[in-house]
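Notes follow the structure.
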Amino acid sequence: GNSVTQMEGPVTLSEEAFLTINCTYTATGYPSLFWYVQYPGEGLQLLLKATKADDKGSNKGFEATYRKETTSFHLEKGSVQVSDSAVYFCALRGNTGNQFYFGTGTSLTVIP
Amino acid sequence: NAGVTQTPKFQVLKTGQSMTLQCAQDMNHNSMYWYRQDPGMGLRLIYYSASEGTTDKGEVPNGYNVSRLNKREFSLRLESAAPSQTSVYFCASRLQAASTGELFFGEGSRLTVL
């Protein structure tokens with residue numbers, strides 16, 4: 001079956017620190033992979049996505065590379081800001097069907 | 001462009017009461033979803049509707065019913081609320097025809113069952 005495992009939090013970083021949030025997945029075939037971000041009191045919004053192996057998704061300084069050999073899609077940012085404080089969710093959609101599978105979320109707090 | 005709109009945003013119920021969460025999208029999406037979000041458990045799919053006229057169970061459908069009223073609207077009903085249904089509920093939609101179409105989420109409905 002399909003599933004997503006992501007690094008547990010919470011994560012606390014100082015401003016301008018390097019961020020990595022690990023995400024690994026189990027899926028049959030070739031899923032599409034996503035990172036969503038949820039700011040306090042809001043719904044989830046797409047941060048970035050990748051649809052095939054070796055694709056790199058990027059947005060707002062965040063990056064993640066679709067690694068089929070390690071079944072991973074780790075989220076990285078070189079220099080975090082206070083405004084990046086949020087909960088980050090890794091997700092996949094299988095190449096058949098309409099269902100999305102989410103990780104449990106990783107809470108990030110960036111302190112000045 | 002409103003996107004995905006959910007009502008109500010907050011609701012308190014007593015055990016055994018019923019209620020309906022409403023969801024509407026104005027993006028002409030064909031697939032719609034209901035998730036619940038609980039601490040430490042991420043998002044779990046309750047029901048989804050791949051297209052108008054169809055609905056399917058997700059991971060945690062027990063205690064819920066859904067209606068795909070038309071292409072725009074997808075409601076979630078709790079017939080007899082239980083404290084275990086205290087959660088934040090999210091509606092989402094996507095364009096199924098897009099092979100990598102992502103989900104677009106509403107702002108959530110926080111439900112407390114006493």
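Chain letters run A, B, ... following the sequence lines, proteins first, then strands; residues in each count from 1.
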Inset, instruction - Look at the side-chain heavy atoms of Ile, Leu, Val, Met, Phe, Trp and Tyr, link any pair under 4.5 Å apart, and say whether A/Phe62 and A/Val87 land in one connected group. - result: no
Inset, instruction - Return yes when atom CZ of B/Phe10 has more than 12 non-hydrogen atoms of other residues, nucleotides or ligands closer than 6.0 Å, and no otherwise. - result: no
Inset, instruction - Tell me, for B/Leu45 versus chain A, whether the close heavy atoms (under 4.5 Å) come from the side chain, the backbone, both or neither. - result: side chain
Legend entry - Over 12 foreign heavy atoms within 6.0 Å of CD, B/Gln17: yes
Inset, instruction - Treating Ile, Leu, Val, Met, Phe, Trp and Tyr as nodes and any side-chain heavy-atom pair under 4.5 angstrom as an edge, say whether B/Tyr48 and B/Met32 lie in one connected cluster. - result: no
Legend entry - Gap separating the CD atom of B/Glu59 from the CD atom of A/Gln99, nearest 0.5 angstrom: 9.0 Å
Inset, instruction - Can you tell which part of A/Tyr36 gets under 4.5 Å to a heavy atom of chain B, answering side chain, backbone, both or neither? - result: side chain
Inset, instruction - Using a cut-off of 6.0 Å, state whether more than 12 heavy atoms not belonging to A/Lys52 lie near its atom NZ. - result: no
Legend entry - same_hphob_cluster(A/Tyr25, A/Phe89) at 4.5 Å side-chain heavy-atom cutoff: no
Legend entry - Any pair counted as side chain to side chain donor-acceptor pair (under 3.5 Å), so long as it reaches residues 9-20 of chain A, sequence neighbours left out: none
Legend entry - Partner residues of A/Ser85 under the side-chain hydrogen bond (donor to acceptor under 3.5 Å, both in side chains) criterion, sequence neighbours left out: none
Legend entry - Residue among B/Val88, B/Val4, B/Leu43, B/Leu103 with most heavy-atom pairs under 4.5 Å to chain A: B/Leu103
Legend entry - Over all atoms of both residues, closest heavy-atom pair of A/Lys49 and B/Glu102: NZ-OE1, 3.0 Å
Legend entry - Gap separating the OH atom of A/Tyr101 from the CZ atom of B/Arg44, nearest 0.5 angstrom: 15.0 Å
Legend entry - Heavy-atom contact with chain A under 4.5 Å, split by part of B/Gln37: side chain
Legend entry - Single-linkage hydrophobic cluster B/Leu76~B/Phe90, side-chain heavy atoms < 4.5 angstrom: no
Legend entry - Residue-level interface, residues 102-112 of chain A with chain B, non-hydrogen cut-off under 4.5 Å: A/Phe102, A/Gly103, A/Thr104
Inset, instruction - Decide yes or no on ring pair (Phe, Tyr, Trp, His ring centres under 6.0 Å) for A/Phe100 and B/Tyr35, but give the supporting numbers first. - result: CA-CA 10 Å; A/Phe100 286 68; B/Tyr35 288 89; 7.9 Å; no
Legend entry - Hphob cluster co-occupancy, B/Phe105 + B/Ile46, side-chain heavy atoms under 4.5 angstrom: no
Inset, instruction - Spell out the residues in residues 38-45 of chain A that have some non-hydrogen atom less than 4.5 Å away from a non-hydrogen atom of chain B, in order of number; otherwise answer 'none'. - result: A/Gln38, A/Gly41, A/Glu42, A/Gly43, A/Leu44
